[in-house]
Amino acid sequence: QVQVVESGGGLVQPGGSLRLSCAASGSILSINDMGWYRQAPGKQRELVAVITSGGSTNYAVSVKGRFTISRDNAKNMVVLQMNSLKPEDTAVYYCNARVLSTTLRWDDYWGQGTQVTVSS
């Protein structure tokens with residue numbers, strides 16, 4: 001089995017910063033992409049940022065220049081540094097990992113989600 005666990009959400013004022021962390025563990029042979037998605041009330045889940053095992057990154061237009069995704073392959077961890085937060089960044093943030101497990105299949109694994117609220 002593979003587990004994906006996020007941490008670091010919370011309440012922050014507009015213009016503030018938060019750091020989200022995510023760790024994958026379990027029967028992992030390899031991890032391809034790791035990324036962060038978010039879902040606001042009444043909206044569909046959307047991609048925030050993704051990073052490949054080689055370190056290439058891709059960001060949603062709405063967060064480019066404010067958010068930074070990074071990764072520690074040795075620890076199977078991904079971090080999302082969020083700066084200059086806006087109220088529209090309020091959402092539940094989910095970590096995703098594309099994992100080759102000991103079943104010898106590539107599957108997408110999701111964390112339970114962490115709430116980020118940007119409000120004064």
Side-chain angles (χ1 to χ4, degrees):
Q1 285 190 343
V2 175
Q3 298 81 39
V4 175
V5 179
E6 306 110 335
S7 61
L11 173 64
V12 65
Q13 292 186 342
S17 297
L18 278 176
R19 183 181 176 91
L20 304 183
S21 298
C22 169
S25 62
S27 306
I28 297 171
L29 297 178
S30 182
I31 301 179
N32 194 350
D33 293 354
M34 298 187 80
W36 290 93
Y37 293 72
R38 67 187 181 186
Q39 188 166 17
K43 294 189 176 181
Q44 289 188 335
R45 189 174 297 190
E46 63 176 1
L47 172 70
V48 176
V50 64
I51 184 167
T52 68
S53 57
S56 297
T57 59
N58 191 32
Y59 295 92
V61 171
S62 60
V63 308
K64 197 171 291 186
R66 300 187 297 122
F67 292 10
T68 302
I69 189 169
S70 60
R71 178 171 174 167
D72 185 332
N73 289 333
K75 296 181 179 178
N76 292 334
M77 288 186 63
V78 62
V79 171
L80 185 68
Q81 178 66 42
M82 305 185 293
N83 299 328
S84 302
L85 282 160
K86 304 175 181 181
E88 51 263 43
D89 294 317
T90 295
V92 178
Y93 283 69
Y94 297 91
C95 178
N96 171 269
R98 186 148 185 87
V99 175
L100 177 66
S101 68
T102 53
T103 62
L104 301 182
R105 281 177 33 180
W106 286 98
D107 289 300
D108 283 316
Y109 292 87
W110 294 88
Q112 78 285 357
T114 185
Q115 177 70 46
V116 171
T117 302
V118 185
S119 175
S120 54

Original post:
How many angstroms lie between CG in N83 and CZ in R19, if you round to the nearest 0.5 Å?
Top reply: 10.0 Å
Subject >> M82 CE to T68 OG1 distance, which is reported to the nearest 0.5 Å >> reply: 11.0 Å
Subject >> Gap separating the OG1 atom of T114 from the OH atom of Y94, nearest 0.5 angstrom >> reply: 10.0 Å
Original post:
From N73 CG over to M34 CE, what is the distance, rounded to the nearest 0.5 angstrom?
Top reply: 8.5 Å
Original post:
Above 12 or not: heavy atoms from other molecules or residues under 6.0 Å from CD of Q44?
Top reply: no
Original post:
Do you know which two heavy atoms are closest between M77 and S21, and how far apart they sit?
Top reply: CE-CB, 4.4 Å
Original post:
Side chains of Y93 and E6: closer than 4.5 Å at any heavy-atom pair?
Top reply: no
**OP:** Search all heavy atoms of A91 against all heavy atoms of A40 and return the closest pair with its distance.
**Re:** CB-N, 3.9 Å
Original post:
Counting distance only, does the side-chain N/O of T57 pair as donor-acceptor with the main-chain N or O of I51 below 3.5 Å?
Top reply: no
**OP:** Can you measure from CD1 (I28) to OG (S101) and round to the nearest 0.5 angstrom?
**Re:** 9.0 Å
Subject >> Closest approach of C95 to V4 (non-hydrogen atoms, all atoms of both residues) >> reply: SG-CG1, 3.8 Å
Subject >> Shortest non-hydrogen contact from Y59 toward F67 >> reply: CE2-O, 3.3 Å
Original post:
Could you give the distance from CG (L29) to CZ (R105), rounded to the nearest 0.5 Å?
Top reply: 13.0 Å
**OP:** Not counting sequence neighbours, list each pair that qualifies as a salt bridge (Lys or Arg N to Asp or Glu O under 4.0 Å) and has a residue in residues 108-120.
**Re:** R98-D108
Original post:
What pairs meet the salt bridge (Lys or Arg N to Asp or Glu O under 4.0 Å) rule with one or both residues in residues 25-40, with sequence neighbours excluded?
Top reply: R38-E46, R38-D89
Original post:
Does any N or O in the side chain of R71 come within less than 3.5 Å of the main-chain N or O of T52, such that one atom is a donor and the other an acceptor?
Top reply: yes
